[in-house]
**Q** 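Structure provided below as structure tokens; questions to follow.
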Amino acid sequence: MKVPQVLQSLPDSDAKVLLRVGKENRYSRRDVVVHEGDVADSFHIVLDGRAAVRVTTPAGENAIVNILGPDSHFGEVSLLGRSDPRRTASIVALEPMRTLSIPAGVFRELRDRNPRLEQLVSSILARRVDELSAQLVESMYDSLEQRVTQRLASLAEIYSTSSAVVTVPLTQDELSQLVGGARPSVNQVLRRLVDEGVIEVRRGRIIISDLEALRRRRD
């Protein structure tokens, strides 16, 4: 198996140990990979496919807060070494997908013997904090139009193919959850992008037909 990007900073010997003890998992569309609140006992790397990160809101509803693609990872909380860590979100497959799950105990044992692994865990956690901080700043200070265009540009990278046209297979409700906006307001932003020829909105998907224009609006 090719060494996943997140492990490439490790010496080959350590990366091979993690790959050897890792388990390849296969999921079908809409399968729940992990449940929010379950014991976090493994770190997952997405090998292929895409998944939604879902959390429970204070009102008891489910909301999508992120989309993971190949080379993404989740379960960092299991690497912290605290007792009885719990999953902070549910991960739901949006399409057939594979993950490599590495037992947290093995990760911790290697980390105790190898400073490089300690650095890797610190780097993984730091990146996640940076992502969450950026999302918080975005939700507090960016306009809804900015949030929609930024999120669509990010999704275009996750769903990119060799074609110049990118199809994002998410509903408008799911996009509204991702940007933290009411669906009617998000629809208004999408209609403006449609009128400008940047996107097309179809049933259950958004087609980005002018990616460069979308990126210019984001930047």
Side-chain angles (χ1 to χ4, degrees), residues 1-28 31 33-34 38-54 64-82 85 87-138 150-151 153-163 166 168 178 211 215 218-219:
M1 178 187 293
K2 177 185 174 183
V3 177
Q5 184 177 349
V6 68
L7 303 180
Q8 289 178 2
S9 63
L10 293 176
D12 288 344
S13 57
D14 287 342
K16 287 178 180 177
V17 169
L18 294 177
L19 292 178
R20 188 165 60 248
V21 301
K23 175 187 175 184
E24 184 177 315
N25 312 280
R26 294 179 180 270
Y27 303 95
S28 300
D31 281 354
V33 181
V34 300
D38 282 357
V39 174
D41 57 1
S42 57
F43 175 69
H44 285 250
I45 301 170
V46 180
L47 300 177
D48 54 53
R50 297 163 184 87
V53 181
R54 286 183 173 168
I64 297 175
V65 296
N66 203 5
I67 302 294
L68 304 176
D71 269 330
S72 298
H73 45 79
F74 57 91
E76 297 85 359
V77 67
S78 69
L79 307 180
L80 292 176
R82 64 190 188 205
R87 302 286 184 192
T88 57
S90 295
I91 307 295
V92 182
L94 295 174
E95 60 192 56
M97 65 177 290
R98 292 186 304 136
T99 73
L100 179 72
S101 58
I102 301 172
V106 175
F107 227 113
R108 289 195 292 266
E109 287 176 12
L110 282 175
R111 183 179 62 187
D112 291 341
R113 300 197 306 265
N114 190 329
R116 284 280 190 93
L117 207 59
E118 181 68 46
Q119 293 171 7
L120 174 63
V121 172
S122 298
S123 175
I124 288 171
L125 294 171
R127 283 199 299 271
R128 187 64 75 203
V129 170
D130 287 345
E131 290 173 6
L132 294 173
S133 297
Q135 289 176 359
L136 177 61
V137 171
E138 179 183 298
Q150 287 168 356
R151 182 61 70 169
S154 298
L155 289 169
E157 295 176 3
I158 293 173
Y159 284 97
S160 64
T161 64
S162 56
S163 172
V166 180
V168 177
L178 281 169
L211 183 54
R215 286 171 174 163
R218 177 192 63 181
D219 299 336

**Q** Would you say the side chain of Asp71 lies within less than 4.5 Å of the side chain of Pro4, judging by non-hydrogen atoms?
**A** yes
**Q** Can you pull out every side-chain hydrogen bond (donor to acceptor under 3.5 Å, both in side chains) where at least one residue sits in residues 6-24? Sequence neighbours excluded, please.
**A** Asp14-Asn114, Glu24-Arg26, Glu24-Arg98
**Q** Looking only at heavy atoms, what is the nearest atom pair of Val34 and Ala89, with distance?
**A** CG2-O, 4.0 Å
**Q** Judged by atom type as modelled, is there a donor-acceptor pair below 3.5 Å linking the side chain of Arg50 to the main-chain atoms of Ile158?
**A** yes
**Q** For Gln150, does its backbone N or O pair with a side-chain atom of Ser154 as donor and acceptor, under 3.5 Å?
**A** yes
**Q** First locate atom OG of Ser72, then atom NE2 of His44, and finally report the distance between them rounded to the nearest 0.5 Å.
**A** 13.5 Å
**Q** If I take atom CG from residue Asp38 and atom OG1 from residue Thr88, how far apart are they, to the nearest 0.5 angstrom?
**A** 11.5 Å
**Q** State which residues pass ring pair (Phe, Tyr, Trp, His ring centres under 6.0 Å) with Phe43; sequence neighbours excluded, sorted by chain then number.
**A** His73, Phe107
**Q** At their closest point, which heavy atom of Ala93 faces which heavy atom of Ser28, and how far apart are they?
**A** CB-O, 3.4 Å
**Q** How far apart are the closest heavy atoms of Arg151 and Leu178, and which atoms are they?
**A** NH2-O, 3.7 Å
**Q** First locate atom CE of Met97, then atom CG of Leu68, and finally report the distance between them rounded to the nearest 0.5 Å.
**A** 7.5 Å
**Q** Should Leu18 and Leu10 count as side-chain neighbours, where that means a heavy-atom distance under 4.5 Å?
**A** yes
**Q** Kindly indicate whether the side chain of Phe74, heavy atoms from C-beta on, has any atom under 4.5 Å from the side chain of Val53.
**A** no
**Q** Distance from Ile102 atom CD1 to Ile45 atom CD1, nearest 0.5 Å?
**A** 4.5 Å
**Q** Quick one: pull up CD1 in Ile64 and OG in Ser90 and give me the separation to the nearest 0.5 Å.
**A** 11.5 Å
**Q** How long is the gap from CD on Glu157 to CD1 on Ile67, to the nearest 0.5 Å?
**A** 14.0 Å
**Q** How far apart are the closest heavy atoms of Ala15 and Val3, and which atoms are they?
**A** CB-CG1, 4.2 Å
